[in-house]
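One structure below.
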2 protein chains.
Amino acid sequence: MSGMTPARGDHEARRADVSEAVWRVLAEGGFGALTLRAVAAEMGASTGLLTHYFPNKRALVRHALEVLDRRSAERPRPAAERAGAGLAMLRAVLLDILPLSAQSAADNRIWVGSWDVALSDPELAAEHAERYRRARRVMAEHVAEARRLGELPPGRAPQEVAAAAQSFVLGLVVQVLFAPQEYPAQRQIELVDLYLDGLAAAPARPGATRAADGPAGPAGVRDSGGVR
Amino acid sequence: MSGMTPARGDHEARRADVSEAVWRVLAEGGFGALTLRAVAAEMGASTGLLTHYFPNKRALVRHALEVLDRRSAERPRPAAERAGAGLAMLRAVLLDILPLSAQSAADNRIWVGSWDVALSDPELAAEHAERYRRARRVMAEHVAEARRLGELPPGRAPQEVAAAAQSFVLGLVVQVLFAPQEYPAQRQIELVDLYLDGLAAAPARPGATRAADGPAGPAGVRDSGGVR
DNA sequence: TGCTACCTACCAAACGTTTGTTATGTACGC
DNA sequence: GCGTACATAACAAACGTTTGGTAGGTAGCA
């Protein structure tokens, strides 16, 4: 009962076990409930185990987020695997982000929760920013390919389209997490398709929505002086 | 120095003062740094003052978020005030959400940060969900009006368009907070206009992006069983 | 006017608990 | 017997909350 010592020797595997326990605690109670004792209890161990594998709490959290990110990237992506290229592939990438499954919902909940601590920790913030930059690059390539295939009209820079698409899914994730019953998987997919239809459509008369720009300027952004 | 008793009689004003101190602490260090002592120090008072006006920490946080929400709603909305109706109004509403000013960036940072604790606190989560629902309703009305004015093509339900637009801005907010230098105010506005152009454009051949649906089904959402 | 009574508004200090971290002990495989 | 892999226990610090007290205002009554 005492010394079962499972999976001896594989240091990294044990660290992964710890990370999983961290995820479970985070998924349940968020970062406010993330304590060393809670993690230890979650995996039926002592805090001594945690400190044996991680120098401190911050390192533990950073590793858990890193592994979660890597796991998400390497996980079988049901939609992307069967999609071809171009627009269909962009669609698949977007769908694979959304909380369409319970597992993905839990992961996304952790991810959204991490934004609070990340925004106050420059190192974590930089890592997050880099992750999103990477994802944007991938999307931009699919957009470029879609344009080459004639699925998307030229005129918009792939980077801009990718940034917009990423914003869209990210915001949708948040909405879903707060109102799961209002956003079943079916509706999430429909919303993505609606969005993609807007991309595929030819651009409207340029400047149509900005007709009243003359007097109002760029939306009256005259107060204060920019972000940061 | 001891008994200056400022602003006597206005109990509610004092609670607002406390809330402002809460905002300042949250904007700086997020919810992880939100302690009664930090708030008290921020306003040069004792923790006893806080407990005098609020029964406990949770009540203090909830009130601060509530007031922040109300303040944001009642704040002069530079864009919305000058916008007419329909699509221009929808555009204004979206722009007023974005962190185009330093003040709005600070508010948005608090808001994003609150998602972690809200997702683990059913009462807070319900309040958040209700807020977003309200905002969606407003957007949907502008969408309906735009459709009446012929600025938007029929075919999409205003509710769906509103949900999509809200997701878009919300996600953009997050992106901006993590990479402010990549998303200056100018670019945020351009992205919104790009998005609105996609709405205004006539829908593409229906089902174009879902061409390969046959074998792949609805994006291969076959693993696991739905959210929640 | 002056005394008593009671109120709100706060401070300073302390309470018991929980936190991250550190130190010490111990069982096991080599 | 020696290092790795933990458990156990202790640590100071920080936490939310409670308590006791003071200062000043207000109201009532003489």
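Numbered from 1 within each chain, the chains take letters A, B, ... in sequence-line order. All figures in this text were calculated on a predicted structure; none of them were measured in a lab. Values reported hereafter were calculated over all heavy atoms of this structure, with side chains retained and with hydrogens, waters and symmetry mates removed.
In the region residues 22-29 of chain B, proximity to DNA chain C at under 4.0 angstrom, judged on heavy atoms, holds for none of the residues.
Qualifying side-chain contact (heavy atoms from CB on, under 4.5 Å) partners for Val169(A), counting only residues two or more places apart in sequence or in other chains: Leu94(A), Ile97(A), Leu98(A). Qualifying side-chain hydrogen bond (donor to acceptor under 3.5 Å, both in side chains) partners for Glu182(A), counting only residues two or more places apart in sequence or in other chains: Arg133(B), Arg136(B). With sequence neighbours excluded, no residue satisfies side-chain hydrogen bond (donor to acceptor under 3.5 Å, both in side chains) with Thr51(B). Listed by chain and number, the residues in a side-chain hydrogen bond (donor to acceptor under 3.5 Å, both in side chains) with Tyr53(B) amount to none (sequence neighbours excluded). Legend: residues meeting side-chain hydrogen bond (donor to acceptor under 3.5 Å, both in side chains) with Asp107(A), ordered by chain and number and at least two apart, are Arg71(A), Arg75(A), Gln103(A).
Using a 4.0 Å cut-off, some side-chain N or O of Arg14(B) falls inside it from OP1 or OP2 of dC10(C).
In summary, the side chains of Ser120(B) and Asp116(B) do not present any donor paired with an acceptor at a separation below 3.5 Å, with no hydrogens or angles considered.
The distance from atom CE of Met43(B) to atom C1' of dC11(C) is 13 Å, rounded to the nearest whole Å. Atom CG of Asp17(B) and atom C1' of dC10(C) are 14 Å apart (whole Å). Rounded to an integer number of Å, the gap from His52(A) NE2 to dG25(C) C1' is 15 Å. A straight line from OH of Tyr53(A) to P of dT4(D) spans 12 Å, rounded to a whole angstrom. What separates CG of Leu50(A) from P of dG20(C) is a distance of 10 Å, to the nearest Å.
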For nucleotides 14-19 of chain C, print each protein N/O atom paired with a nucleotide N/O atom at under 3.5 Å, atom names and distance only.
none

Validation: residues 27-49 of chain B side-chain donor-acceptor distances under 3.5 Å, sequence neighbours left out:
{"unit_1": "Thr35(B)", "atom_1": "OG1", "unit_2": "Ala38(B)", "atom_2": "N", "d": "3.0"}
{"unit_1": "Glu42(B)", "atom_1": "OE2", "unit_2": "Arg24(B)", "atom_2": "NH1", "d": "2.9"}
{"unit_1": "Ser46(B)", "atom_1": "OG", "unit_2": "Gly48(B)", "atom_2": "N", "d": "3.3"}

Could you go through residues 58-67 of chain B and list every donor-acceptor pair under 3.5 Å that involves a side-chain atom there, pairing it with any protein atom two or more places apart or in another chain?
{"unit_1": "Arg58(B)", "atom_1": "NE", "unit_2": "Asp121(B)", "atom_2": "OD2", "d": "2.8"}
{"unit_1": "Arg58(B)", "atom_1": "NH2", "unit_2": "Asp121(B)", "atom_2": "OD1", "d": "3.3"}
{"unit_1": "Arg58(B)", "atom_1": "NH2", "unit_2": "Asp121(B)", "atom_2": "OD2", "d": "3.2"}
{"unit_1": "Arg58(B)", "atom_1": "NH2", "unit_2": "Glu123(B)", "atom_2": "OE1", "d": "3.2"}
{"unit_1": "Arg62(B)", "atom_1": "NE", "unit_2": "Glu127(B)", "atom_2": "OE2", "d": "3.2"}
{"unit_1": "Arg62(B)", "atom_1": "NH1", "unit_2": "Glu123(B)", "atom_2": "OE2", "d": "3.1"}
{"unit_1": "Arg62(B)", "atom_1": "NH2", "unit_2": "Glu127(B)", "atom_2": "OE2", "d": "2.4"}
{"unit_1": "His63(B)", "atom_1": "ND1", "unit_2": "Ser19(B)", "atom_2": "OG", "d": "3.2"}
{"unit_1": "His63(B)", "atom_1": "NE2", "unit_2": "Glu12(B)", "atom_2": "OE2", "d": "3.4"}

